[in-house]
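Remarks on the structure that follows.
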Amino acid sequence: MAIVRLRPPLRELAEGNREVIVEGGTVAEVLRELERSHPALGGWTLDERGRVRQHVAVFLGGERVDGSAPVASADRIEIIGAVSGGAETELLVGTKKGLFVLRGDRGGEMDIAARAFPGSSVEFATRDPRTGRYFASVTHGQFGPRVYLADDPTGAWEQTDGPRFPEDTDTTLVRTWVVTPGEEDGVVYAGVDPAALFESRDGGMTWELNRPLWDQPSRSEWGPGAGGLCLHSICPWPGEPDRIAVGISAVGVWITEDGGTSWEVGNAGIVPRYLPEEARSQPLGRCVHNLHRAPRRPERLFMQFHGGVYRSDDAGLTWTSIAHGLPSDFGFPMAIDPNDPDSAYVIPLNSDLDRVSAEGRLRVFETRDAGVTWTGRTDGLPQTEAYLTILRQAFARDDDDPLGLWFGATSGDVFGSTDAGATWRLVARDLAPVLSVRAA
């Protein structure tokens with residue numbers, strides 16, 4: 001047994017207990033058992049992947065430790081908010097003219113801490129919370145796409161070895177859409193155009209093509225959307241490294257249960273209104289725009305579609321429309337609350353022919369009942385003659401409580417909320433057109 005000493009506000013969430021006795025194991029296992037025994041603590045010390053939160057400090061015998069540290073019988077563990085970094089927010093904003101690193105107090109002003117890759121399109125940038133390593137997908141107008149990594153986004157970046165297609169594929173990489181940490185140590189995934197999944201087992205230094213997905217017999221039938229034939233969403237299953245769902249435009253959802261050795265399509269229930277009615281029964285041709293898994297109910301996924309918003313409760317095999325109540329069901333970005341499997345956020349655009357904020361009003365729509373109802377969040381956002389475009393990867397959330405939400409527009413403006421979308425503020429203006437936003 002281990003003794004966990006709690007400070008406010010954790011003490012109040014644990015019914016006022018100063019100390020709690022729980023089963024031993026590793027630090028992460030102790031904290032997981034703590035959350036089970038006191039459900040109100042759920043998500044406070046561990047993130048949705050079961051790892052100690054970035055701004056939580058755990059001390060064992062007076063020394064700071066990580067989640068893998070072993071805990072012996074009668075050991076004392078103390079949990080506090082990290083002294084440094086706990087109140088600061090860092091945003092990675094990829095634009096058509098480089099990467100902007102924004103930093104500032106949560107809820108306060110944000111400054112440009114650094115700009116990298118000037119003149120190049122930064123399609124996506126993110127931080128791996130397991131290692132602290134940063135990744136940036138960069139496309140140079142003349143010299144093509146690259147993936148870079150860094151330990152500090154304000155310092156030097158190192159080019160990785162790939163992703164690149166093997167010679168026998170006779171294929172050239174167009175861009176890397178997304179980089180996503182896997183569930184196993186050292187595993188990182190990249191989704192690219194033309195639609196393919198690459199895997200790294202050394203923390204992103206080298207990459208290998210997933211051949212079973214690439215060699216799908218139906219690939220000759222895969223067609224691109226307006227943004228290309230892109231694999232843009234990668235959804236690992238927390239704690240189960242062999243289970244992954246990916247979203248491909250304009251093909252659909254593909255699911256593996258065996259670590260990518262085999263794949264099956266999961267498009268049942270999705271209605272592609274852009275196809276002739278007699279062609280809608282074909283199994284492919286589904287222009288998925290965004291895909292997210294609910295970490296605390298991993299069989300649930302939310303999807304923004306090319307004319308539709310959907311939910312799946314069977315790990316992506318079948319889908320139910322949840323678009324009723326939205327001013328438009330067309331859009332690209334989507335975010336979720338990692339601690340609430342009934343939550344999702346979308347930013348509707350008028351239509352596929354008029355890709356600006358719906359009805360000239362910039363609104364973030366929130367559901368807290370899995371799509372039964374939607375509420376438009378507008379406080380702090382322009383509501384008259386607002387014709388902004390928010391792209392696929394330009395909407396992000398953080399892991400804090402209350403939830404932080406952040407999005408950028410092709411106007412170069414970045415908006416943020418630190419109260420789960422109830423109120424919004426402009427955190428940066430006049431950047432280059434925003435392609436992606438992620439909270440580090």
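For the single chain, residues carry numbers from 1 onward in sequence order.
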Quick test of your reading of the model: are [X] and [Y] salt-bridged, counting only N-O distances below 4.0 Å?
X    : Y    : value
D313 : R297 : no
D379 : R377 : no
D161 : R146 : no
D342 : R300 : yes
R243 : E240 : yes

Would you check if the side chain of N210 reaches a backbone N or O of L197 as a donor-acceptor pair within less than 3.5 Å?
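Not at all, since once roles are kept as given, no pair shorter than 3.5 Å links the two residues.
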Do the side chain of D399 and the main chain of G43 share a donor and acceptor less than 3.5 angstrom apart?
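The answer is no, because no donor-acceptor pair under 3.5 Å joins these two groups.
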Does the gap between the ring centers of W214 and F165 come in under 6.0 Å?
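Yes, ring centres under 6.0 Å apart.
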Do Y274 and F330 make the cut of ring centroids closer than 6.0 angstrom?
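Between F330 and Y274, which both carry aromatic rings, the centre distance is not below 6.0 Å.
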Kindly assign one of parallel, tilted or perpendicular to the pair [X] and [Y], based on the angle between their ring planes and the thresholds 30° and 60°.
X    : Y    : value
H289 : H306 : perpendicular
W319 : Y310 : perpendicular
W222 : W254 : tilted

Can you name the residues that form a side-chain contact (heavy atoms from CB on, under 4.5 Å) with A358, not counting sequence neighbours?
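Partners of A358 by the side-chain contact (heavy atoms from CB on, under 4.5 Å) criterion, ordered by chain and then number, come out as P327, S328, P348, N350, R363.
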